[in-house]
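It should be emphasised that the depicted structure is a prediction, and the values quoted were computed from it without experimental measurement. Hydrogens, waters and symmetry mates are skipped; everything else that's a heavy atom, side chains included, is used.
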Amino acid sequence: MEKILDRLQGLGVLALNVFGRLGRGSLFLFHTLVIMPQLWRRPGLVVRQIYSVGVLTLLIILVSGLFVGMVLGLQGYTTLVDFGAQESLGVVVSLSLVRELGPVVTALLFAGRAGSALTAEIGLMKATEQLSGMEMMAVDPYRQVFAPRFLAGFIAMPILAAIFSAVGVIGGYVVGVDMLGVDFGAFWSQMQAKVDFHEDVMNGVVKSLVFGLVCVWIALYEGYDATPTADGVSRATTRTVVHSSLAVLGLDFVLTALMFGDL
Amino acid sequence: MPSNKGDEVLVKIRGLRFFRGSLPIADGVDMDIRRGKVTAIMGPSGTGKTTLLKLIGGQLYPDAGEVLVDGKNIHTLSRKELYALRRRMGMLFQSGALLTDLDVFENVAFPIREHMTLPESMLRTLVLMKLESVGLRGARDLMPSELSGGMARRVALARAIALDPMMVMYDEPFTGQDPISMGVLVQLIRRLNDALGLTSIVVSHDVKETLSIADYVYVLSRGKVMGQGSPEELRKTDSEWLKQFLQGLPDGPVPFHYPGPDYFDDLINQDVDSHAS
């Protein structure tokens, strides 16, 4: 009986912790969003962060996008050629990228590269009392630190996803057309005919906006909530990558079901 | 009861209670911080001296009691009013809390840029004056990672006085400093206080250095004010606890040994100890 009570108590503590964190995280997001309009007067803060979270993530996005597109071209060709449908390779590559792989893989790479860096940066700012120092200088850390990074991540994600998809299509083209002999005209014309701007491209953009919001929210909050020690920051950084990745994959299913479930 | 004789009080603390779990940080603390004076808050490590500064700065909220800064209850102010008051308060953190992505000049310029609109030439002059006052005008282009601990605190001090505050709070300014840096900081705190007409609150457990510059001292332990007075008054105290703290005696009312079972029993009864194996 006592063991059952202990387990129930443990479960209760766990639930309280989870809901407590969710509540604090929601308040953090609310404060960040509320202060966002003030950034119009400080565009420099956002531009610097777009460079930090966006431009510095570009290399990994370009390389990964190219290879993912090349693999798609190769795998797509080996399957399609059995049915004599290799001219549809352009459609397969582009739809896979624009609808799914572009937003999802970009978000996963973003969480690993920019998300972890954001968490470590904020966590160390907390550990070295920089956030407290700002507060005591009457400078709101939400305006100075969190909101610019949040907006930068939100802006950077769809752009990075678009670049990922574009480079991926080029990778698929190089393998499919240049190396495996798929017809140049068929590759591009079928892509143009079958990929719908609203259904496919815009839904992909919506996905990457949602992923951007979630990834950057998790990254910033984990840093803000980190225990201000070396171990605490290290754990927070790991949590950022794990939670962001799971959130992106889970949300991708939900969004895909909502967007394409009835097609 | 705190002494109210003499100068006007800038920070008035009454009935302050603040607990971390069951650990008392402040348990009915009354204090008066007088204008233009250097007031020291001393006590053993882990007493909650830094927490007390955060309560005075409005970064933490007490369980009970009030903190009046310049006549305003800091914990009932709106965010806007609190930030307006904080512009008149400087704080020197134990780590310096310099912004690591900005160089020394920009760190000192940071609060000025945030709160004032000055022409760049005037801002430069102002920053160089602040850096000159802490002896680091020549280090303006260094990054925080290139500074020694003492230099980082002096830069942080220049930043703390950048907006010409009415009060500066020092959190353990002498900890981990070599004798020269310590001497420089001791002199700076006193000199800046007198030259700029500041009110200084120094939180520290470095007895000799703190008593050498303080006008008035509060000694805290376990959330209570264990003693208060001028350094001379404290040196003449009859309290055994205060004597132990001020003279750094290893044993006394604060025991050398952490509480544990009887020494003899502990050595003989190895079978009940998880470390016996």
Side-chain angles (χ1 to χ4, degrees), chain A residues 13 27-28 30-32 34-35 37-39 41-53 55-56 114 117-149 152 223-224 226-230 232-233, chain B residues 50-51 53-60 69 74 77 79-102 107-117 144-145 149 152-153 155-163 165 167-172 201:
Chain A
V13 169
L27 277 176
F28 175 84
F30 175 75
H31 281 145
T32 308
V34 162
I35 214 141
Q38 293 186 22
L39 291 176
R41 281 180 281 162
R42 313 290 294 271
L45 289 174
V46 184
V47 171
R48 256 201 306 277
Q49 293 308 320
I50 287 178
Y51 174 79
S52 180
V53 300
V55 176
L56 295 180
L118 281 174
T119 302
E121 185 189 16
I122 305 282
L124 283 171
M125 285 180 89
K126 186 180 176 187
T128 53
E129 297 180 304
Q130 291 181 53
L131 298 179
S132 287
M134 277 185 199
E135 279 187 356
M136 284 309 296
M137 285 186 278
V139 175
D140 191 347
Y142 280 94
R143 195 204 66 196
Q144 190 74 23
V145 178
F146 303 130
R149 284 162 176 76
Y224 177 72
T227 310
T229 60
V233 174
Chain B
T50 302
T51 307
L53 283 190
K54 289 188 173 176
L55 285 161
I56 294 172
Q59 285 190 297
L60 292 174
V69 180
I74 197 155
L77 296 177
R79 196 172 181 78
K80 199 174 169 186
E81 291 168 328
L82 178 65
Y83 273 23
L85 188 58
R86 279 187 185 158
R87 284 184 207 180
R88 299 163 60 209
M89 301 161 80
M91 181 152 174
L92 181 79
F93 285 85
Q94 193 172 350
S95 61
L98 296 177
L99 301 172
T100 45
D101 55 339
L102 301 178
N107 259 290
V108 179
F110 181 77
I112 306 172
R113 286 193 198 282
E114 287 296 320
H115 298 303
M116 301 164 99
T117 313
S145 58
R153 273 180 220 185
V155 174
L157 180 50
R159 188 179 67 178
I161 58 169
L163 294 174
M167 171 173 94
V168 178
M169 295 185 279
Y170 299 87
D171 183 12
E172 300 283 7
I201 305 175

Quick check on Arg48(A) against chain B: is it the side chain, the backbone, both or neither that has a heavy atom closer than 4.5 Å?
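Answer is neither: Arg48(A) stays 4.5 Å or more from chain B.
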Test side-chain hydrogen bond (donor to acceptor under 3.5 Å, both in side chains) applied to Arg79(B) - qualifying residues, sequence neighbours left out
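With sequence neighbours excluded, Arg79(B) shows a side-chain hydrogen bond (donor to acceptor under 3.5 Å, both in side chains) to Asp140(A), Tyr83(B), given in chain and number order.
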Going by heavy atoms in the side chains, are Met134(A) and Leu99(B) under 4.5 Å from each other?
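Yes, side chains in contact.
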Non-hydrogen atoms of chain A under 4.5 Å away: do they reach the side chain of Leu85(B), the backbone, both or neither?
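For Leu85(B), no heavy atom lies under 4.5 Å from chain A.
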Criterion side chain to side chain contact (heavy atoms under 4.5 Å, CB included) against Thr100(B), the qualifying member of Glu121(A), Gln130(A), Met125(A)
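Among Glu121(A), Gln130(A), Met125(A), the one meeting side chain to side chain contact (heavy atoms under 4.5 Å, CB included) with Thr100(B) is Gln130(A).
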Considering only heavy atoms, give the residues of residues 109-116 of chain B separated from chain A by less than 4.5 Å, sorted numerically, with 'none' for an empty result.
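Hits under 4.5 Å: Phe110(B), Pro111(B), Glu114(B), His115(B).
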Look at Lys54(B), Gln59(B), Met91(B), Arg87(B) and state which one has the largest set of heavy-atom pairs under 4.5 Å with chain A.
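Max contact count across the listed options: Gln59(B).
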Grab the two heavy atoms, one from Ala97(B) and one from Glu129(A), that are nearest each other, plus how far apart they are.
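Residues Ala97(B) and Glu129(A), closest heavy atoms: CB-O, 3.3 Å.
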Quick one: pull up OG in Ser52(A) and CG in Asp101(B) and give me the separation to the nearest 0.5 Å.
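With rounding to 0.5 Å, OG (Ser52(A)) is 9.5 Å from CG (Asp101(B)).
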